[in-house]
Amino acid sequence: HVVPYRFSSYGSALNAGLASVKTASAEAHVSVAPALASAIARFERAATVYDNRSHRSGFENALHAAQQLDVLAYSASGYASVAFPQISMAIASRKQRLVSAAVRATIARLNEVAGELAAGA
């Protein structure tokens, strides 16, 4: 038997990460596209639908989605945790083109995860 994975709790972590990268981007004089907030909202809807279903199959999809979320949303720098590491590294460069590319890539991966959850719901 497999205990189903719950994804709704990622929503608050993703939104906290968004707030963190927005603060960092303002300090670096670059901007994070508002589309990231929309992608997080899409993920939250998909996660809620997924979590409210009973799951007897699709464990591999859920595990893959959880792994993708962990890579996408969390990292560490020394002892400090880093939200959205790809975006955070781009912000540190202070180059808007790198930030924009990192945000697009993050949105694409987050949309893929939401799609996996929707397919498994």
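Sequence positions, counted from 1, serve as the residue numbers for this chain.
Side chains of L117 and V49 form no contact here, defined as non-hydrogen atoms less than 4.5 Å apart. Counting heavy atoms from C-beta on, the side chains of V113 and R109 never come closer than 4.5 Å.
Checked against F43 for a side chain to side chain contact (heavy atoms under 4.5 Å, CB included), the options L14, T48, N111 give a single hit: L14.
Considering CG of L72 and CD1 of I107, their distance stands at 10.5 Å, rounded to 0.5 Å. Distance CG/L110 to CZ/R42: 8.0 Å, rounded to 0.5 Å. The distance from atom OG of S8 to atom CG of N52, rounded to the nearest 0.5 Å, is 6.5 Å. Between the CG atom of L63 and the CD atom of Q68 there is a distance of 10.5 Å, given to the nearest 0.5 Å.
Here T23 pairs with nothing under the side chain to side chain donor-acceptor pair (under 3.5 Å) rule; sequence neighbours left out. A search for side chain to side chain donor-acceptor pair (under 3.5 Å) contacts involving S100 returns Q96, not counting sequence neighbours.
Of all heavy-atom pairs between F7 and A66, the closest is CE2-N, 3.7 Å. Between V99 and S31, the shortest heavy-atom distance links the atoms CG1-O, 3.4 Å. V21 approaches I91 most closely through the heavy-atom pair O-CD1, 3.5 Å. The two residues S88 and A83 have their closest heavy-atom pair at OG-O, 2.6 Å. Of all heavy-atom pairs between L18 and A37, the closest is CD2-CB, 3.7 Å. Of all non-hydrogen atoms in A105 and Q86, the two that sit nearest each other are CB-NE2, 3.7 Å.
The aromatic rings of Y74 and Y10 sit tilted, their planes meeting at an angle between 30° and 60°.
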Task: CA sep, side-chain torsions, deciding dist, call: L98, V30, side chain to side chain contact (heavy atoms under 4.5 Å, CB included) - done: CA-CA 10 Å; L98 295 178; V30 293; over 6 Å; no

Task: Stepwise side chain to side chain contact (heavy atoms under 4.5 Å, CB included) check, H64 with E116 - done: CA-CA 9 Å; H64 183 259; E116 284 185 30; 2.9 Å; yes

- [ ] Show your working on side chain to side chain contact (heavy atoms under 4.5 Å, CB included) between F84 and V32 and close with a plain yes or no.
- [x] CA-CA 12 Å; F84 293 112; V32 173; over 6 Å; no

